[in-house]
Amino acid sequence: MSEASIYPFKKIEKKWQEAWRKNNVFSASVSCDKPKYYLLEMFPYPSGRIHMGHVRNYTIADVAARYKMAQGYQVLHPMGFDAFGQPAENAAIKNKTHPKTWTLKCIDWMRKELEAMGFSYDWNREVSTCLPEYYRWNQWIFLKMFERGLVYRKEALVNWCADCATTLANEEVIDGKCWRCKKEVVQKDLEQWFIRITEYKERLLDDLEKLDHWPSQVIAMQKNWLGKSEGVEIYFRMKGSDTILPVFTTRQDTIFGATYVVLAPEHPLVKQLIKDSPQEKEILDFIDKVAKETKTVRTASDVKKEGRFTGAYAINPVNNNEIPVWIADYVLMEYGTGAIMAVPAHDQRDFLFAKEHNLELKIVIESQNSKAGRQNELLEAYEGDGIQVNSAQFDGLSNQEAKVKIARWMEESGIGKKTTNWRLRDWLISRQRYWGTPIPVIHCDSCGIVPVKEEDLPVELPDKVEFSGTGGSPLSYVKSFIQAECPRCKGRARRETDTMATFFDSSWYFLRFCSPKYDKAPFDKKEAAYWMPVDQYIGGIEHAVLHLLYSRFFTKFLRDIGLLDLSSPIGDEPFLRLLTQGMVLKEGEVMSKSRGNIVDPDSIIKNYGTDTLRLYILFAAPPEAEMEWSERGIEGAFRFLNRVWRLLDHLDRLPKDAQISPILKKETHRAIKKVSQDLENFKLNTAISAVMELVNAIYREIETDIREAARVAVFLISPFAPHMAEEMWQRMGNNESILSAGWPEYDEKFLREETVTMAVQINGKVRSKVDVSCDITEDELKKTVLSDDKVKDRLKDEVIKKFIVIPKKLVNIVV
RNA sequence: GCGGACGUGGCGGAAUUGGCAGACGCGUAUGGCUUAGGACCAUAUGGAGAAAUCCAUGGGGGUUCAAUUCCCUCCGUCCGCACCA
């Protein structure tokens, strides 16, 4: 390749990035006469280097931002850094640098990389969550939650990652492993800080209905996570005592088939039941054994269900049958009441356990297809629908009907109560780490837990800390930090040393972007009212339940306390549209450091320029699908951009007598229409192919007057390859940035066709084609088609039964 | 087990209120331009066949004049949740 045929991307990209910065073209402000558009990407953790996932995420968004700007929207497109978190602390231990120094350096580095991609961020609005001017508002929001009873401290079994030396929220435990370090998570009894997110569960579930523009997958995942399940709590009485044992079930229709009861080993009743009994020791040993198992082992489906008989009996309240009480590892304390009624005939887990321990089995639902009397042949539990049998007054009903009636009957007779159970737990937010927002609370021996006064915020992180990397929060060794005065009694007190989970920081950053320098509240109510909700949010699917659930909760809470003024069709939901971009793969695997298959964006930018990288990453696959990295693909994108660039030469050499080509005119307007529609719907890969088609058409008509078509091509490519577009636009004689030149409009009149080629089908198979005028009548069309040689040939002796016309597309002759 | 997404050439992918399957790109082939080219230009490119033609959107079935698109069923892949009672 000769140098002359390669477009000077290095020079151009630098030139325009500087121009955009100098002229502040991406700064957003409240405007009365323009519609607003808030475009947001999930802000990155400042690891120091951007990877292809970032590139893809931010490029998708940047195209939308530039398109909306060109269309005349007032676009808010901010960027910031989710800057607290463990990697900084680990780096501190390893490199003997302070987490703050390390983080701020990484932020600088990353900001430069993002700028080199030419992204249209309003850098005046940048926020970093690790700075006191940001995290003081974390503390402020925490205090507001505290005031309203949404924050509490409780000793409980919590998830503990020994490797990270800290607690984890349920949402952070994936397959029993730590979401960050992938090491096994254990349960530990600790006193921790929780947020009562469960208070909002109904709203979090119901409002999912409003999110029409979210991927169904994310909606499903959140529903799943909230895990609403409706059933009945049934009260069993213990034989020989007044103790009541409530169990939860969604299958009250099987209550007559309950042949034993099972408690979780941790159930508080267990110790009381076995006290002084002969099997006490054996059972305590069993409980001990189960407690030592990790959750992954305990819940593995291939593990045999183990259990012990307690020696106690419970009374089934519907028929006064005495049934044995067992404990078993397959019943979990944290769900329902920690106790179940076992119906081995109609629940596979109970079935397996009953077989194992020789327990009674009683059929109460008969499948409609099966014959009665197969009790002894059961090979597995029957979990489907059917007709009630052995169920007293409910015999003969369908089980679905019985479900309703039994629930009502239980409520009326005091045997049970309709209950709704949720999977969602309260959110554990305290972490035993340094690099996070200090929880603004003081422990006083006489006053107990006392919140820090609002005017004393922020509680700043002390700079001087030791990072031993061995046990306990580094903050708990900083005497000057711990020593505090009780805000209430002024006595000597102790400052809380736990910090907040970083998901707290990211649950409201989108609101901070509306007024990032505001110092009277987390955000300016008026500014937020103008910009919110986020019109388009773009990020990875990995936050489907974590960040996206917390953010929805925060927004609702902040609205409830009157801080947020939201009036949109989605009410107190923060994100109108959500796009979850697919992952970038190499040889079918996710790019990752550990796999060593990373392609560094910097090297691509160096060799081909950022416009090529941007174009390629969007062209290779639809935004929400996975994409496979291909070096060949990069070259193809680069070739195409060079082809576009060479249009400048052809414009210089335009023949004096060049005529406007009606074909090219049509192609031009068709391209505007197609690209605009595709951009509207984030069909970016096909938008790019439409631009390619236009460029191909220009080259086919290169002898004609291509000026309009070339101008449009530059516009249409501008969201994807903004640097090249700016440069070409300028070289085509324009002084203003293409960003302020608007977006081309298409005119239907150029799209109208005089004639059209219609396919002629006989019995649904294409047999010929005819060129006809667009406004041909059906009679004339029929005549033309039937006089076509190929058709005549085919139809010789056939009788035409039907003649179907799809205007401008095809005719189908049925014989 | 429950829930979600998906299955189209050698490859990435187009086409959805049912209407010409394979747009666009990659790769490949042939030719041109060239001292040369991994640059550029032109042509071809789902499979079978000399051709007419036939076959083809994971498999099978259905609805229809017409199905990649709608329905049923089976197979397969990916993702989320899960001894959740």
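Every chain is numbered from 1, with letters handed out A, B, ... down the list of sequences.
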inquiry  = Both A:P622 and A:I806 contact RNA chain B. Which one's nearest nucleotide lies toward the 5' end?
reply    = A:P622
remark   = Residue set satisfying ring-ring contact (aromatic ring centres under 6.0 Å, His included) with A:W179, at least two apart, ordered chain then number -> A:F503
In whole Å, I'd like the distance from the [atom1] atom of [X] to the [atom2] atom of [N].
X: A:L424; N: B:rG80; atom1: CG; atom2: P; answer: 19 Å
X: A:E635; N: B:rG25; atom1: CD; atom2: C1'; answer: 13 Å
X: A:W422; N: B:rA82; atom1: CH2; atom2: C1'; answer: 18 Å
X: A:K765; N: B:rC54; atom1: NZ; atom2: P; answer: 6 Å
X: A:N642; N: B:rG25; atom1: CG; atom2: C1'; answer: 16 Å
X: A:Y699; N: B:rA42; atom1: OH; atom2: C1'; answer: 15 Å

Quantified in whole Å, what is the [atom1] atom distance between nucleotide [N] and nucleotide [M]?
N: B:rC78; M: B:rA44; atom1: P; answer: 40 Å
N: B:rG13; M: B:rG18; atom1: C1'; answer: 22 Å
N: B:rG3; M: B:rC11; atom1: C1'; answer: 32 Å

Could you check whether the rings of [X] and [Y] sit parallel, tilted or perpendicular, using 30° and 60° as the cut-offs?
X: A:W326; Y: A:F309; answer: tilted
X: A:H547; Y: A:H543; answer: perpendicular
X: A:Y7; Y: A:W645; answer: tilted

task = State, without any angle test, whether A:T755 and A:D771 hold a side-chain donor-acceptor pair at a distance under 3.5 Å.
result = no
request  = Check the chi torsion on B:rG7 and let me know: syn if it falls within 90° of 0, anti if not.
outcome  = anti
query = Looking at A:W225, is A:R423 sitting on its ring face, NZ or CZ under 6.0 Å from the six-membered ring centre and within 45 degrees of the normal?
reply = yes
key: Within 45° cone of A:Y330 ring axis and under 6.0 Å: A:K305 NZ or CZ   = yes
query = Taking only Watson-Crick and G-U wobble pairs with both distances under 3.5 Å, what dot-bracket line describes RNA chain B, where [ ] shows pairs that cross earlier ones and | shows pairs with another strand?
reply = (((((((..(((......[....)))((((((.......))))))(((....)))..(((((..]....))))))))))))....
query = Among B:rC20, B:rC54, B:rA14, which is the nearest nucleotide to the side chain of A:N685?
reply = B:rA14
